[in-house]
Amino acid sequence: MRCLYVYWDVRLLTASYSREEDGVVVELYGKTREGKSIVVRYKGFKPYFYLVEPPSTILEKFSQDPEIYKMEEVELWHKGKVRKCVKVTLHSPWKTPRYRREALEFCDVLAADIPFHQRFIYDFDLGSCVRVYGKEEEKGKYTTELVVNAEKFENIGDFKPPLKILSFDIENSMKNGRIFTIGIAIWENGEIRKESIEGDEKDILWKFLEMIWKEDPDIITGYNIDGYDLELLSERYKKYGMDFLIGRDKSKPQRIVGQFWRLHGRVIEDAWWAVKKELRLKQETLQAVAMHLFGEGKLDVDRTNIDEEWEKDKEKVIEYCKKDAELALRILLQIGIINKYLDLATVTKFPLEDVIHSGTSTWVDSLLIREADRHNIGVPLQGQERKSRKIEGGYVHTIEPGLYHWVCVLDFKSMYPSIIIKYNICFTTLSKDGDIVSPTGVRFLSKEKREGLIPKLLAELMKKRDELKRKMKEDPDNRDYYNGLQKAVKILMNTFYGVLASSFYRFTNPDIGASITAFARDTIKRIIAELESEGIKVVYGDTDSVFFQSPYEDLENTIEFGMRKAEEISRREKLILEFEKILEPFFSHGAKKRYVGRIIWPDEEKGNMVVRGYEIRRTDSFDLQSEAQRAVFEKILDGDIQGAIELAREIVSKVRAGKVPIESLVISRTVKDFKFYKNPDSMPNVQAARKLIKMGQEFIPGMKVAWIVVNARGSKQDVEPYIPGMEFNRKPDYRYYARRVAETLARITDVFGVDEENLLTGSRQISLGAFGKEKKKKTLFDFE
DNA sequence: TGCCCTCGGGG
DNA sequence: GTGTACGAGGGCA
């Protein structure tokens, strides 16, 4: 046994608590600087909350209740003034909701909805990396290398210990669910190693548990494990009367409504969700994402016929399964989400898991609750209202559509955070006596009278970000490290605005959010008006950016002009406006947020295209749409507008004439068990599945079905299943498809005055003179 | 315009 | 476990 005063430096990964015979123990799981897994235990912390000016009835009731450990009088600022409150401390965190509900019948209640482990973190003011002083204990139920009973904590600078990531994938029978194999890929010390588990299903399940205990991964991943593999595993363990004990304290993963799992000691991060959050892709299948990132796809196994494939060639399926686990792991690593969240954990002072699996409002809580506690400011409960009154957003400037040259783009640096700081906007400064009046008539106290908590925190973050950016330049060896952190600070600053604006966040109300956007709209409109009064053509503006035409038609003078304007306006507005880029040319549209441009400055981005607002992600899309859109875009970006319009017409008329490959019209979607649909008859996917069954084809709920629309007129669509390799002998509703394609392409061509109807009716006699006739080039759409 | 329903990924 | 996903699109009132 070690002596006292030993310490460990720990990066926190998860936090939770459990009940033991002699009380509740908070468990902080993490990794030491040396890379050892550790659980840090702390006993004796108790849950509490506050009653505001409570009537004696509730106090008497509570004072006789043995569940209540103690009650103390305190003073807290709440709803504009300091009030007498009572701090109620309980024995058991899981009983808090009951006492909160009871108390709410009598008075306002504060800080009664903070998860217990987070309450602990706030009260000990822990960061994401801590030095733990304590004593090492026997391992007991834990799978970690170290078990420590903590005596005290100290905050230390952040570090990134090596993390171990285990990715897995299951192949199972579509008919009866039986697991054939589990493929595993493990990331450790910069290398990936692959394993697989086969055999009798019960053996597989047991070996999987042993594998997790032995490998002791920090992060568990896989592709759509939240929605599929974890659920399936839970069921299969249950079927054999086994427990799915993969936690670091040998507990089960717990499903928190829908697809979202929590586990003591390990972070479950689904690679698919990571992809959704980080990349905005039209297709998010493992195949598509792997191709997109690595130019490398899955192995060749027909998973719609997995039972047959398994019978035919088990080795092949095992390889396929291992490959999927590996791809999911590489995707997770490639998109850098773990690093990003480690940086966010550092700036939000949270364990990794809390950053990943809690809403962004909780990130803000992490800083704001601590700050409120330090100032004896009451922490209100999160609003009960589900719906948020929508506040008015940013200002979007519009002018006539057209082609512009030498367009300077200026952007505000952290506009909303800057505005919050500049006007001292906070729930603590909201006051009828305020000297600062927002455009919506809401008043805030000036900084001299009372500095707001939120502006104070944001100013600190702003300063921290500037420091990090400075270090990035001064210390090129650690550039990536500082860059990651400064980006995380930026995300957190914007999150502050996000929670203030979007809903009933515990510390705010819509008046505050609306004031922020109103100040912002006033600012940008004022800037546009000033530029116009100087005779500068403002082309576009959106929320925190302004696009205007340079009076010069060369790069050097335009750069100089943009720089000068950015400086002038920044000085005048006392906000920082940055000269972001020059677009040459630039196509502006009408009211909607759509434009295209080619960057010619700064040099690093030279030649890149900026395309905004044209993509639509319909769930019933078919290949021809995206192919057509891409082809038309290529024309436009070459400057061949006339050619683009002609191509769009040509495609639409080809579709209407039925001169397109049938496969390009296939729409596909999954179909659940019919009983899950409120209105199954109205759904084309259900209709297709029913017809499949009638045709004697196999249909299993959850399967993806493909179909072609054969008649879209009438009250509901008639669709016909499409089976690859089988001849399709119905006639597609080409009018319907032509309309859909025209709708897609019109999003582009209506910028040039060619709308959906126009594309459809296909009158070819538009004036060719305007843009000059170009020679027809070979395109993707030379169907003949 | 706002609300409700559905989907996506996986086998 | 002091909790209860997520964002986007379509249909409909």
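First the proteins, then the strands, lettered A, B, ... as listed; each starts at 1.
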Give [X] one of three labels, base, sugar-phosphate or nothing, depending on what nucleic acid heavy atoms sit under 4.0 Å from its own.
X      : value
A/I114 : base
A/D169 : sugar-phosphate
A/Y48  : base
A/I225 : nothing
A/D324 : sugar-phosphate
A/N685 : sugar-phosphate
A/P93  : base
A/S173 : nothing
A/K175 : nothing

Query raised in the report: Between CD of A/E198 and CD1 of A/I318, what distance do you get to the nearest 0.5 Å?
Result: 3.5 Å
The side chain of [X] lies closest to which of these nucleotides: [options]?
X      : options               : value
A/R262 : B/dG8, C/dG1, B/dG11  : C/dG1
A/R280 : C/dT2, B/dC7, C/dG7   : C/dG7
A/Y223 : B/dT6, B/dG10, C/dC6  : B/dG10
A/M683 : C/dG3, B/dT6, B/dG9   : B/dT6
A/N224 : B/dG11, C/dT2, B/dG10 : B/dG10
A/M174 : B/dG8, B/dG11, B/dT6  : B/dG11
A/P97  : C/dG3, B/dG11, B/dT6  : C/dG3
A/R669 : C/dT2, C/dA5, B/dC7   : B/dC7
A/R119 : C/dT2, B/dG9, C/dG1   : C/dT2
A/W94  : C/dG1, C/dT2, B/dG8   : C/dG1

**Report entry** Span that lies between the C1' atom of B/dC7 and that of C/dA5, in whole angstrom
**Finding:** 14 Å
**Report entry** Pairwise C1' distance for C/dC6 and B/dG11, with rounding to whole Å
**Finding:** 24 Å
With a cut-off of less than 4.0 Å, is there a side-chain N or O of [X] near OP1 or OP2 of [N]?
X      : N      : value
A/T670 : B/dG8  : yes
A/Y17  : C/dT2  : yes
A/K298 : B/dG11 : yes
A/Y677 : B/dC7  : yes

Query raised in the report: Centroid-to-centroid, A/Y737 to A/F622, below 6.0 Å?
Result: yes
Can [X] and [Y] be counted as having a side-chain donor-acceptor contact under 3.5 angstrom?
X      : Y      : answer
A/Y223 : A/D229 : no
A/N172 : A/Y228 : yes
A/R41  : A/Y142 : yes

Nucleotide [N], atom [atom2] - distance to [atom1] of [X] in whole Å:
X      : N     : atom1 : atom2 : result
A/W261 : B/dG9 : CH2   : P     : 21 Å
A/K277 : C/dA5 : NZ    : P     : 14 Å
A/I170 : B/dG9 : CD1   : C1'   : 15 Å
A/I356 : C/dA5 : CD1   : P     : 17 Å
A/E743 : C/dG9 : CD    : C1'   : 12 Å
A/I68  : C/dT2 : CD1   : P     : 17 Å
A/K704 : B/dC7 : NZ    : C1'   : 10 Å
A/F120 : C/dG3 : CZ    : C1'   : 20 Å

Report task. Answer with yes or no whether A/N172 presents, from its side chain, a donor or acceptor under 3.5 Å of a partner atom in the base of B/dG11. Result -> no
Requested in this report: Identify, with sequence neighbours excluded, every residue that meets ring pair (Phe, Tyr, Trp, His ring centres under 6.0 Å) alongside A/Y240.
Outcome: none
Query raised in the report: Of A/K322, A/K323, A/K316, which is the lone residue that meets salt bridge (charged side-chain N to carboxylate O under 4.0 Å, His left out) with A/E319?
Result: A/K322
Query raised in the report: Has A/K202 got more than 12 heavy atoms of other residues, nucleotides or ligands less than 6.0 Å from its NZ?
Result: no
